[in-house]
*Asks:* 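Please see the structure below; I have some questions.
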Amino acid sequence: MSDTHPDRLNQLWQDFLALPFPRSCYRQAPDGEDLVLLDSHLAGCVSSALTGPLDHRRREALRNGIAAVHRVLPALGEDAEAREYFVHLRELAVLAAERQAPDGAS
């Protein structure tokens, strides 16, 4: 892993904090996923990863959330704002997961 990985995660997190949650995503649940809850869970895990190691529950939440974002992206269709938001969130979650297990271990 590169020495700049934590800096990249921190920078992407700061960029993400400036993004408003897409209005079109309120009360949406593509593939059974409540987008507000998905955002909340993943953002909470990423925020925790910035301050220290994650416990098993949060590492599992990251894995499940990354998979959920992957599943819902096609349902966001032409909504560029929503797609950008959730692609950015997924990238953050992947980086946070890698930061927690750089050797691929859980």
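No hydrogens, no waters, no symmetry mates; every other heavy atom, side chains included, goes into these values.
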*Asks:* When rounded to the nearest 0.5 angstrom, what is the spacing between OH in Tyr26 and CG in Leu35?
*Replies:*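 Rounded to the nearest 0.5 Å, the OH-CG separation comes to 11.0 Å.
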*Asks:* Show your reasoning for whether side chain to side chain contact (heavy atoms under 4.5 Å, CB included) applies to Leu38 and Phe86.
*Replies:* CA-CA 9 Å; Leu38 179 58; Phe86 281 95; 4.2 Å; yes
*Asks:* Can you find a pair of side-chain heavy atoms, one from Ser47 and one from Trp13, that are under 4.5 Å apart?
*Replies:*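 Side-chain contact under 4.5 Å: yes.
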*Asks:* Say you draw a straight line from OG of Ser48 to CG of Leu54; how long is it, rounded to the nearest 0.5 Å?
*Replies:*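 If we round to the nearest 0.5 Å, Ser48:OG and Leu54:CG are 6.0 Å apart.
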*Asks:* Heavy-atom distance under 4.5 Å between the side chains of Leu76 and Gln28, does that happen here?
*Replies:*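 Result yes, sub-4.5 Å side-chain heavy-atom pair found.
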*Asks:* Does some side-chain heavy atom of Val46 sit less than 4.5 Å from a side-chain heavy atom of Leu12?
*Replies:*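 They are not in contact (no side-chain heavy atoms under 4.5 Å apart), so the answer is no.
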*Asks:* Donor-acceptor check, side chain of His41 to backbone of Leu37, threshold 3.5 angstrom: yes or no?
*Replies:*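 Between the backbone of Leu37 and the side chain of His41 there is a qualifying donor-acceptor contact (under 3.5 Å).
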*Asks:* Are the charged groups of Glu91 and Arg8 less than 4.0 angstrom apart, N to O?
*Replies:*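 Salt bridge flag = yes for Arg8 with Glu91.
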*Asks:* Looking at Arg83 and Pro74, what are the two nearest heavy atoms and their distance?
*Replies:*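 Shortest heavy-atom contact: NH1-N, 4.0 Å.
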*Asks:* If every non-hydrogen atom of Leu42 is compared with every non-hydrogen atom of Ala93, which pair is closest and at what distance?
*Replies:*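 Looking at all heavy atoms of both residues, the closest pair is CD2-CB, 3.8 Å.
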*Asks:* State, yes or no, whether a side-chain contact exists between Arg90 and Leu73 at a heavy-atom distance under 4.5 Å.
*Replies:*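 In contact.
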*Asks:* When you look at Asp39 and Tyr85, which way does the side chain to side chain contact (heavy atoms under 4.5 Å, CB included) test go after all the steps?
*Replies:* CA-CA 9 Å; Asp39 171 57; Tyr85 185 90; 2.7 Å; yes
*Asks:* Taking atom types as modelled, find out whether Asp15 and Gln11 have a side-chain donor-acceptor pair closer than 3.5 angstrom.
*Replies:*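 Side chains of Asp15 and Gln11: pair found under 3.5 Å.
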*Asks:* Charged N to carboxylate O under 4.0 angstrom, Glu60 versus Arg63?
*Replies:*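 Salt bridge between Glu60 and Arg63, a charged N being under 4.0 Å from a carboxylate O: yes.
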*Asks:* Do you know the tightest heavy-atom contact between Ala75 and Pro30?
*Replies:*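 Minimum heavy-atom contact is CB-CB, 3.4 Å.
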*Asks:* Please examine the side chains of Glu81 and Asp79, heavy atoms only from C-beta on, and report whether any two atoms are closer than 4.5 Å.
*Replies:*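 They are in contact (side-chain heavy atoms under 4.5 Å apart), so the answer is yes.
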*Asks:* For residues Cys25 and Val36, determine if any side-chain heavy atom of one lies less than 4.5 Å from a side-chain heavy atom of the other.
*Replies:*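 Sidechains of Val36 and Cys25: no contact.
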*Asks:* Is there a side chain to side chain contact (heavy atoms under 4.5 Å, CB included) between Leu92 and Leu9 once you walk through the steps?
*Replies:* CA-CA 7 Å; Leu92 277 167; Leu9 181 59; 3.8 Å; yes
*Asks:* What's the spacing between Leu89 CG and Glu84 CD if we round to 0.5 Å?
*Replies:*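 Interatomic distance, Leu89 CG to Glu84 CD, rounded to 0.5 Å: 12.0 Å.
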